[in-house]
Visitor: 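One structure is given below, represented as structure tokens, and several questions about it will come after.
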Amino acid sequence: MQHTYKTNGTCSSAIQFDLNGDKVTNVRFFGGCPGNLTAIARLVNGKSVDEIESQLKGITCGGKPTSCSDQLARAVRQAYGSRSQS
């Protein structure tokens with residue numbers, strides 16, 4: 001199922017991804033640093049929500065309290081949690 005997450009506090013404005021069970025695929029960032037975000041999307045493709053969260057949660061960018069990576073971790077956890085509650 002495809003999900004879209006509006007980011008907060010980052011250069012990217014949104015993240016779109018597919019969630020199949022607990023596996024994340026087809027990650028796409030809107031805005032932000034294209035090279036870095038394309039790399040992140042490729043590296044997390046096929047990973048579980050737990051794997052992504054354990055690797056990316058809490059990463060900051062410059063003086064910001066979050067980053068595009070951290071926002072991705074939050075996004076996949078939120079999508080997985082809302083799916084589990086349905």
Side-chain angles (χ1 to χ4, degrees):
M1 172 179 265
Q2 189 174 77
H3 296 271
T4 302
Y5 180 86
K6 183 170 173 21
T7 58
N8 184 23
T10 60
C11 297
S12 65
S13 59
I15 307 168
Q16 192 174 67
F17 57 93
D18 291 332
L19 184 61
N20 302 303
D22 73 337
K23 302 295 182 192
V24 176
T25 58
N26 302 318
V27 175
R28 183 173 174 210
F29 288 86
F30 295 88
C33 306
N36 289 332
L37 298 178
T38 299
I40 290 168
R42 287 184 186 178
L43 290 169
V44 302
N45 192 52
K47 303 276 188 209
S48 71
V49 170
D50 287 342
E51 289 174 302
I52 292 169
E53 188 175 50
S54 72
Q55 292 293 311
L56 303 180
K57 184 177 178 184
I59 294 174
T60 60
C61 183
K64 300 175 186 176
T66 190
S67 66
C68 293
S69 301
D70 181 59
Q71 291 290 295
L72 176 60
R74 294 174 191 216
V76 299
R77 177 54 66 191
Q78 181 181 57
Y80 186 69
S82 69
R83 184 192 66 84
S84 299
Q85 295 172 0
S86 306

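Side-chain atoms are counted along with the backbone in the values below, which use heavy atoms only and exclude waters and symmetry mates.
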Visitor: Distance from N20 atom CG to T25 atom OG1, nearest 0.5 Å?
Guide: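 Interatomic distance, N20 CG to T25 OG1, rounded to 0.5 Å: 5.0 Å.
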Visitor: Can you establish whether the number of heavy atoms outside K57 located under 6.0 Å from its atom NZ is more than 12?
Guide: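 Not more than 12 within 6.0 Å, no.
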Visitor: What is the distance from atom OH of Y80 to atom CD1 of I52, rounded to the nearest 0.5 Å?
Guide: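 The OH atom of Y80 sits 12.5 Å away from the CD1 atom of I52.
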Visitor: Give the C-alpha distance, both sets of side-chain angles, the deciding distance and a yes or no for side chain to side chain contact (heavy atoms under 4.5 Å, CB included) between T7 and C68.
Guide: CA-CA 8 Å; T7 58; C68 293; over 6 Å; no
Visitor: Any non-hydrogen side-chain atom of I40 less than 4.5 Å from a side-chain atom of S69?
Guide: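 In short, these two side chains touch, coming nearer than 4.5 Å.
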Visitor: Check the pair D50 / R77 against side chain to side chain contact (heavy atoms under 4.5 Å, CB included), numbers first and verdict last.
Guide: CA-CA 8 Å; D50 287 342; R77 177 54 66 191; 2.5 Å; yes
Visitor: Does the pair T4 and Q16 meet the rule for a side chain to side chain contact (heavy atoms under 4.5 Å, CB included), with working shown?
Guide: CA-CA 4 Å; T4 302; Q16 192 174 67; 3.4 Å; yes
Visitor: L56 and side-chain contact (heavy atoms from CB on, under 4.5 Å): which single residue from V76, L43, V44, D70 fits?
Guide: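 So, applying the side-chain contact (heavy atoms from CB on, under 4.5 Å) to L56 and each of V76, L43, V44, D70, only V44 qualifies.
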Visitor: Using side-chain heavy atoms (C-beta onward) and a distance below 4.5 Å, is R74 in contact with Y5?
Guide: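 The answer is yes, as the side chains (C-beta and beyond) meet within the 4.5 Å cut-off.
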Visitor: Do N26 and F17 have side chains that approach each other closer than 4.5 Å (heavy atoms only, starting at C-beta)?
Guide: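 Result no, sub-4.5 Å side-chain heavy-atom pair not found.
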Visitor: Applying the 4.5 Å side-chain criterion to the ILVMFWY set and letting contacts propagate, would V49 and I59 be lumped into a single cluster?
Guide: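 Yes; tracing contacts between hydrophobic side chains, which count when under 4.5 Å, links both residues.
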Visitor: Atom NZ in K64, atom SG in C11: separation rounded to 0.5 Å?
Guide: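 K64 atom NZ to C11 atom SG measures 3.5 Å (nearest 0.5 Å).
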Visitor: Under the side chain to side chain donor-acceptor pair (under 3.5 Å) rule, what pairs show up with a residue in residues 28-49, not counting sequence neighbours?
Guide: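 Every pair satisfying side chain to side chain donor-acceptor pair (under 3.5 Å) with a residue in residues 28-49: S48-E51.
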Visitor: With a 4.5 Å heavy-atom cut-off, do N8 and T66 have their side chains touching?
Guide: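 Not touching, per the 4.5 Å side-chain cut-off.
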